[in-house]
Enquirer: 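Can you keep this structure in mind? I'll have questions shortly.
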Amino acid sequence: MHFDDFFKTELNKLHEAGNYRVFADLERKAGEFPRALRYREDGSAHEVTVWCSNDYLGMGQHPDVIGAMHSAIDSNGTGAGGTRNISGTNHHHVVLEKELADLHGKEAALIFSSGYVSNWAALGTLLAKIPNVICYTDALNHASMIEGIRHSRCEKRIFRHNDQKHLEKLMAQDDPNTPKLVAFESVYSMDGDIAPIEAICDVADQFGALKYIDEVHAVGMYGPRGGGVAEREGIMQRLDVIEGTLGKAFGVMGGYITGSKELIDFVRSFASGFIFSTALPPAIAAGACASIRHLKENREISDLHKEKVCQVRAALDARGIPHMPNPSHIVPVMVGNAAKCKWISDIMLDEYGIYVQPINYPTVPVGTERLRITPTPYHSAEDIAHLAASLCDLWSQCALARQVA
Ligand SMILES: *Cc1c(COP(=O)(O)O)cnc(C)c1O
């Protein structure tokens, strides 16, 4: 077989379908967030304003976080030096896990190299090991949860997105004596909608199910201490597992689960993706810990963030740029056409100094192609005005429909 020919043919299919991904070559500038340098192929660079970062609160450049990482590198060096079991457990990991357990009001926490790995390993392990367990999974769950569920080879039922009635119907059809697990998210990344957590817990409890929530897009952001939507709603204790990332609002990297000490010890003891992988660098753990601590105490940033989100929505409304209404910080600007979506994003980057990645199929359904805008507390009034004016220009050039407010 000519392997490269095969790879090329497959890649060409992506090109033809308009699904080929091109990365923007960016250099983030600490102290100037959300500004970055963007490198062109010829090596030249220009300044852009990033409008699609998941570093929602700019914590990736916060002095506390940078300071904690510098100091941990100076005192502990770079890598962890092993898996957690074999010489890799550093005091910073232990401290971080205590911090996370406290954040979610749980007995224990376990950190992983990423949020993806945490979902994959935790769901993969729980669902493979609990005898005959059935998994009920929201139709729009993240790829990392889907892969974990698939890896476990357990029985699964997919319930309609955020539809607790459908969940109830599916659960009622199964043997009441079979162990069950319900897996869902709080804030869904692409539409920015939020799950009816309490209603889902009510249904799950009726059937004695384990409740697993991914709060990746909510931790650091919602709740009186940044514990997520479940914290805001005062129902963290109703969830058996709260999973999160250290790579989005906390601005560093890594993932985690929190739960009872038995559950966490179980995953720690049986999850291959945890056991056989080198621990996070101590400096990463120290940075994440500083970020969590800062956000626990300092919630003004979250209020400022909400204000900016409102300002962006108002600026879009003033120009009739359609965006999906939702109760979160994610502003999906609806283009509804893959080619136009990519074209607008390219021109914004090249000519307007605005970076917002197009979101096309298969990430979202055909016909709902969009620009997923994530305002941060550090976007200025001028940034917002420039974003809205640029979109307004391009909306006309693409002959896209406007929405009358
Ligand atoms: C990004 C994401 C993850 C994975 O987290 P990482 O730390 O980036 O690996 C998990 N769940 C959801 C819903 C996500 O959007």
Side-chain angles (χ1 to χ4, degrees), residues 21 23 28 52-57 59-60 65 93 96-97 100 103-104 109-127 135 137-151 158 161-162 182-195 197 200 211-222 226-230 239 241-258 267 271 273-274 277-281 284-285 287-289 291-292 295 326 328-332 357 359 362-364 370 372-374:
R21 292 165 197 262
F23 296 156
R28 308 215 304 159
C52 56
S53 178
N54 283 339
D55 184 359
Y56 296 125
L57 301 175
M59 290 306 288
V65 180
H93 298 131
L96 172 59
E97 286 173 343
L100 287 164
L103 177 66
H104 294 294
L110 190 66
I111 52 175
F112 298 81
S113 19
S114 70
Y116 188 104
V117 173
S118 68
N119 272 333
W120 177 77
L123 283 172
T125 303
L126 292 168
L127 294 168
C135 179
T137 170
D138 186 285
L140 293 191
N141 273 345
H142 190 257
S144 54
M145 300 169 92
I146 296 171
E147 289 300 328
I149 296 164
R150 276 173 38 168
H151 180 77
I158 299 169
H161 177 54
N162 280 348
V182 177
F184 63 116
E185 301 180 21
S186 59
V187 177
Y188 285 83
S189 164
M190 291 303 150
D191 289 354
D193 55 338
I194 296 181
I197 303 176
I200 290 176
K211 291 147 286 177
Y212 184 109
I213 194 167
D214 172 321
E215 288 243 48
V216 159
H217 291 280
V219 292
M221 312 273 299
Y222 297 87
V229 179
L239 295 142
V241 179
I242 299 180
E243 183 271 346
T245 184
L246 305 169
K248 288 172 184 168
F250 292 129
V252 191
M253 96 169 282
Y256 65 88
I257 56 169
T258 62
V267 175
F274 173 81
S277 187
T278 299
L280 283 175
I284 297 280
C289 203
S291 182
I292 295 163
L295 289 176
N326 66 48
S328 76
H329 58 282
I330 294 162
V331 184
Q357 188 66 27
I359 311 278
T363 309
V364 294
R370 66 196 67 180
R372 176 183 179 273
I373 291 178
T374 51

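All ligand and atom numbering here is 1-based and tracks the order in the structure.
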Enquirer: Can you list the atoms of ligand 1 that are under 4.0 Å from a heavy atom of Glu185?
Expert: 13 (C)
Enquirer: How about His104 and Tyr256: does a side-chain donor come under 3.5 Å of a side-chain acceptor?
Expert: yes
Enquirer: Testing Val216, Asn54, Asp214 one by one against Thr245 for a side-chain contact (heavy atoms from CB on, under 4.5 Å), which residue passes?
Expert: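 Going through the options one by one, the only one that passes is Val216.
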Enquirer: Heavy-atom pairs closer than 4.0 Å: do any link ligand 1 to the side chain of Met145, the backbone, both, or neither?
Expert: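 The answer is neither; Met145 stays 4.0 Å or more away.
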Enquirer: Ion pair present between Asp191 and Arg372, side-chain N to carboxylate O less than 4.0 angstrom?
Expert: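 Salt bridge: no.
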Enquirer: Report yes if some N/O of Glu243 lies less than 3.5 Å from some N/O of ligand 1; otherwise report no.
Expert: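 Among all N and O atoms of Glu243, none is under 3.5 Å from an N or O of ligand 1.
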Enquirer: Tell me the closest heavy-atom pair linking Ala109 and Leu100, and the distance in Å.
Expert: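 Ala109 and Leu100 have their closest heavy atoms at CB-CB, 3.8 Å.
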Enquirer: Please confirm whether Met253 approaches ligand 1 to less than 4.0 Å, judged on its heavy atoms.
Expert: no
Enquirer: What residue and heavy atom of the protein are closest to atom 15 (O) of ligand 1, and at what distance?
Expert: His217 NE2, 2.5 Å
Enquirer: What are the atoms of ligand 1, with element, lying closer than 4.0 Å to any heavy atom of Ser114?
Expert: 7 (O), 9 (O)
Enquirer: Shortest non-hydrogen contact from Phe250 to Ser291?
Expert: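 In terms of heavy atoms, the two residues are closest at O-OG, 2.8 Å.
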Enquirer: Check the orientation of Tyr222 and His329. Use parallel for under 30°, tilted for 30 to 60°, and perpendicular for over 60°.
Expert: tilted
Enquirer: If I take atom CD1 from residue Ile111 and atom OG1 from residue Thr258, how far apart are they, to the nearest 0.5 angstrom?
Expert: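 Rounded to the nearest 0.5 Å, the CD1-OG1 separation comes to 13.0 Å.
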Enquirer: Please identify which atoms of ligand 1 are closer than 4.0 Å to at least one heavy atom of Gly115.
Expert: 4 (C), 5 (O), 6 (P), 7 (O), 9 (O)
Enquirer: Would you mind checking which non-hydrogen protein atom is closest to atom 3 (C) of ligand 1, with the distance to 0.1 Å?
Expert: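 Checking every protein heavy atom, the shortest distance to atom 3 (C) of ligand 1 gives His142 CE1, 3.5 Å.
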Enquirer: Under 3.5 Å, is there a donor-acceptor pair between the side chain of Asp138 and the main chain of Ile158?
Expert: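 Pair absent, no side-chain N/O of Asp138 close to backbone of Ile158.
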Enquirer: Quick check against the 3.5 Å criterion: does Glu185 have a side-chain atom that pairs as donor or acceptor with the backbone of His142?
Expert: yes
Enquirer: Around atom 7 (O) of ligand 1, find the nearest protein heavy atom and jot down its residue, atom name and distance.
Expert: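 Answer, as residue, atom name and distance: Thr245 OG1, 2.6 Å.
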Enquirer: Using a heavy-atom cut-off of under 4.0 Å, does the side chain or the backbone of Asn119 touch ligand 1, or both, or neither?
Expert: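 Contact part for Asn119 vs ligand 1: side chain (C-beta onward).
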Enquirer: Contact between ligand 1 and Ser144 is defined here as a heavy atom of the residue under 4.0 Å from a ligand atom; is it met?
Expert: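 Within the 4.0 Å threshold, so yes.
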Enquirer: Got the closest protein heavy atom to atom 14 (C) of ligand 1, with its distance?
Expert: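 In this structure, atom 14 (C) of ligand 1 has Lys248 NZ, 2.9 Å as its nearest protein heavy atom.
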Enquirer: Quick test: of every protein heavy atom, which one is nearest to atom 11 (N) of ligand 1, and how far off is it to 0.1 Å?
Expert: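 Protein heavy atom with the smallest distance to atom 11 (N) of ligand 1: Asp214 OD2, 2.7 Å.
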Enquirer: With the threshold set at under 4.0 angstrom, would you say Gly247 reaches ligand 1 through any of its heavy atoms?
Expert: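 Heavy atoms of Gly247 never come under 4.0 Å of ligand 1.
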Enquirer: Between Asn326 and Ser328, does the side-chain hydrogen bond (donor to acceptor under 3.5 Å, both in side chains) criterion hold? Intermediate values first, please.
Expert: CA-CA 6 Å; Asn326 66 48; Ser328 76; 3.1 Å; yes
Enquirer: Can an N or O of Ser189 be found at a distance shorter than 3.5 Å from an N or O of ligand 1?
Expert: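 Between Ser189 and ligand 1 (N or O atoms, distance only) the closest approach is not under 3.5 Å.
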Enquirer: I'd like to check which ligand 1 atoms, numbered from 1 as shown, lie under 4.0 Å from a non-hydrogen atom of Tyr116.
Expert: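 Answer, ordered by atom number: 4 (C), 5 (O), 6 (P), 9 (O).
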